[in-house]
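Each chain gets a letter, A, B and so on, in the order its sequence line appears, and its residues count up from 1.
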Amino acid sequence: MNLVHWLYLSVLLFSIGAATVLVRRNAIIVFMGVELMLNATNLAFVTFARINGNVEGQVIALFVMLVAAAEVVVGLAIIFTIFRTRRSASVDDANLLKY
Amino acid sequence: MIALQLLHESVSLATTQAPAETVDAGTAKLGGGGEQVLFWVMSIIMVPAALGLLFARKAVHAALGMAVVMIGLGIIYLAEQAPFLGVVQIFVYAGAVMMLFLFLLMLVGVDSSDSLVETIKGQRWMALVFGGGLAILLISVLGDVTYTAPKGLKDVDTSGNMTAMANLIFGKYVWAFEVTSALLITAVLGAMILAHRERLVPKPTQRDLSIKRIREGPVKAPLPAPGVFARSNAVDIPALLPDGSPSPLSLSRVLIARGQMRAVGTVREDVKVIEAEITPGDRPKADRNPDAASENAEGAS
C-alpha cells in the first residue's frame, strides 16, 4: 500500500468543507468550512511531498497556513463588523447590495 | 522535540515490522502497517468530527469538531515526515485560529444557531448532492491515477526536516516569504480598521445616566429588592407591593427568561414546613440540636 490513502482522507475532508460552505447559513460556520478545505489541501500537499521525495510541498503547505491565518483575521473582523451593524451572523441577512 | 523523535521512532519502528525483504529499504517504510493503523484511527476520529461541522445544530459544537480535525491533522503531519508543519499546525490552527473562532462565537452569541429558512428552494439538498458528487468525482479521479512508488523524504531530510525547509524558504522561496510579511501586516491593519469604531457622541458619564433616568425612566427610584423570605434569601420570589400584589420589577429579568422565578403562592407550602418544624413536641430536642449545630458549622466555614 502506498500513501494514496491520505489523499482519500484529504478528498473527503475537502468535500465536507465545500458542502459546509454551501449548506450552512451561519457565517462563522461557513468560514470554518473554508478553513477545512484549506487544511484538506494542506494534507494533500504534505502527502505529495512525501510521495515525490521533495520538501517543496511542505513549504507550500506552510505558506497556505500563513495566508489562511491572515485570511481568518480579516474574515472574522468582517463577520464581526456585519454582526455589529445588523445584529446577525447569518449570511442571508447581509443583503444590502442585493438589487 | 524528544516527544517528536519518540513518535517518529515509534512510527518507523512500527513500519519496519512490515515485510520488507523484497522491496528496497527506502520505500518499504512508507505506508506500512503502523501507518495504516494510524490512518484508520485518525480517519474514524476526523471524518465524523468534520461531519459535525455540517450537521451540528449549535455553532460551538461545530467549532469543537473543527478543533478535533485540526489536532488530528497535526498528528498526521507528524507521522508524515513533516514534524515542523505538525507543530505549526497544532500551534497556529488548533491554538490560535480555533481560539479566534471560539472567541467570535462567544461575542456573537453562543446560541446563534442556523435559521432553517431557505432563501433558494431546495438549496440544502442541492448543496449536499453537490458535496457528495464532488467527493465521488475526486475519489474516482484518485483511483484512476497510477502513482510511482513513494520516495519518502529520507534523502532530502539528511540534515533534518527543518533545515531542508529552511533552505527552501530562505533560498528558492525567499521572495514569497518576504511578500508574506507584507500580507500579514496588511491583514493586521485591516483587522484593526474593521474592528475599530469611531465614537460619534461622547461617552455618557454616570451623572448623565442618572439625569437621563430621572427625566425619561419609568422608575425614578432604585428598583425594589426581591422578596426576602425567612427560610432563604429568595431572589426568585418577587417583592410584595403594599396592596399585596407581586412586583415584577423586583425580579432579575434573567431569572424570568429562564423560568426560574417562583410565584408568591408557592411560599405557602414553605410556611407549612417551617410551622411543622418549629411546633414543639414533634421531634425530640436531642435529635434536632446536632443538625442545627452542623448547619451552623457549614455556614461558618
Side-chain angles (χ1 to χ4, degrees), chain A residues 1-9 11-20 22-26 28-29 31-33 35-36 39 42-43 46-47 49-56 58-59 61-63 65-74 76-81 83-84 89-90 92, chain B residues 30-31 36 39 43 47 50-51 53-54 59 62-63 66 69-70 73 76-77 80-82 85 88 92-93 97 100-101 104-105 107-108 112 114-115 119 124 127-128 130-131 134-135 138-139 142 147 149-153 155-156 164-165 168-169 173 176 180 183-184 187-188 190-191 194-195:
Chain A
M1 182 170 185
N2 47 16
L3 302 172
V4 188
H5 49 291
W6 295 118
L7 297 178
Y8 285 110
L9 178 62
V11 160
L12 267 184
L13 291 181
F14 188 90
S15 307
I16 293 172
T20 304
L22 291 172
V23 169
R24 300 305 292 254
R25 306 254 65 87
N26 190 333
I28 302 172
I29 301 185
F31 214 63
M32 281 196 261
E35 289 301 311
L36 188 60
N39 273 289
N42 266 357
L43 179 58
V46 171
T47 309
R50 205 158 158 233
I51 290 178
N52 292 327
N54 196 337
V55 202
E56 287 195 31
Q58 293 185 13
V59 176
L62 186 70
F63 280 126
M65 278 184 194
L66 287 175
V67 175
E71 173 229 339
V72 161
V73 168
V74 177
L76 288 183
I78 291 175
I79 291 175
F80 185 57
T81 314
F83 174 77
R84 215 160 48 187
S90 171
D92 285 336
Chain B
L30 297 172
Q36 257 185 314
F39 168 74
S43 303
V47 171
L51 283 176
L53 203 59
L54 203 51
M66 192 69 191
V69 174
M70 301 286 185
L73 278 174
I76 289 176
Y77 292 165
E80 280 216 90
Q81 295 176 307
L85 269 190
V88 168
V92 172
Y93 268 112
V97 170
L100 264 182
F101 270 110
L104 194 76
L105 274 180
L107 271 178
V108 166
S112 64
D114 270 6
S115 65
T119 13
R124 190 166 285 128
L128 281 178
F130 170 81
L134 184 69
L138 287 174
I139 284 176
L142 274 185
Y147 298 89
K151 288 177 187 153
L153 295 171
D155 307 331
V156 191
M165 280 187 80
L168 272 177
I169 291 174
Y173 292 108
T180 308
L183 177 78
L184 285 176
V188 169
L194 283 171

Side chain from CB out, backbone as N, CA, C, O: work out which of these in B:S43 comes under 4.5 Å of a heavy atom of chain A, or both, or neither.
-> both
Closest contact, heavy atoms only, B:P150 versus A:L3 | CB-CD1, 3.7 Å
Start with the C-alpha gap between B:Y77 and A:Q58, add the side-chain angles, then the distance that decides, and say whether side chain to side chain donor-acceptor pair (under 3.5 Å) holds.
-> CA-CA 10 Å; B:Y77 292 165; A:Q58 293 185 13; over 6 Å; no
Any idea which heavy atoms bring A:S15 and B:G131 closest together, and the distance?
-> CB-O, 3.7 Å
If you tally heavy-atom pairs under 4.5 Å between each of A:I78, A:T81, A:L76 and chain B, the highest tally belongs to A:L76
Under a 4.5 Å heavy-atom cut-off, does chain B meet the side chain of A:L43, its backbone, both or neither?
-> both
Comparing B:F130, B:F101, B:Y147 against chain A, the one with the most heavy-atom pairs below 4.5 Å turns out to be B:F101
When the 4.5 angstrom heavy-atom criterion is applied to B:A195 and chain A, the contacting part is backbone
Interface moiety of A:L12 toward chain B, non-hydrogen atoms closer than 4.5 Å = side chain
Using non-hydrogen atoms and a 4.5 Å limit, figure out which bit of B:M66 sits close to chain A: side chain, backbone, both or neither.
-> side chain
When the 4.5 angstrom heavy-atom criterion is applied to B:L73 and chain A, the contacting part is side chain
A:R24 side chain to B:L54 main-chain N or O, any donor-acceptor pair under 3.5 Å?
-> yes
Most contact-rich option vs chain A, by heavy-atom pairs under 4.5 angstrom, among B:I76, B:V97, B:I169, B:V92, is B:I76
If every non-hydrogen atom of A:V23 is compared with every non-hydrogen atom of B:A127, which pair is closest and at what distance?
-> CG2-CB, 3.6 Å
Output the option from B:I139, B:T180, B:L100, B:L53 having the highest count of non-hydrogen pairs under 4.5 Å with chain A.
-> B:L53
A:H5 to B:F39 - nearest heavy-atom pair and separation | O-CE1, 3.1 Å
Quick one: which of B:L107, B:L104, B:L134 has the most heavy-atom pairs under 4.5 Å with chain A, could you say?
-> B:L104
Are A:L7 and B:L138 side-chain neighbours, meaning at least one heavy-atom pair lies under 4.5 Å?
-> no
Beyond-backbone contact of B:L183 with A:L66, side-chain heavy atoms, under 4.5 angstrom = no
What residue, out of A:I79, A:L36, A:L13, has the most heavy-atom pairs lying under 4.5 Å from chain B?
-> A:L36
For A:A70 against B:L184, the heavy-atom pair lying closest together | CB-CD2, 4.0 Å
Between B:L194 and A:F80, does a side chain to side chain contact (heavy atoms under 4.5 Å, CB included) hold up when you go through it step by step?
-> CA-CA 8 Å; B:L194 283 171; A:F80 185 57; over 6 Å; no
Would you check if B:V156 and A:N54 make a side-chain contact, meaning some heavy-atom pair closer than 4.5 Å?
-> no
Side chain, backbone, both or neither of A:E35 within contact of chain B (heavy atoms, under 4.5 Å) | both
Answer yes or no: is there a side-chain heavy-atom contact under 4.5 Å between A:V46 and B:L85?
-> yes
Determine the option with the most heavy-atom pairs under 4.5 angstrom with chain B, choosing from A:V73, A:I16, A:N52.
-> A:I16
Pick one of side chain, backbone, both or neither for A:F63, based on which atoms fall under 4.5 Å of a heavy atom in chain B.
-> side chain
Segment of B:V69 engaging chain A (4.5 angstrom heavy-atom cut-off) | side chain
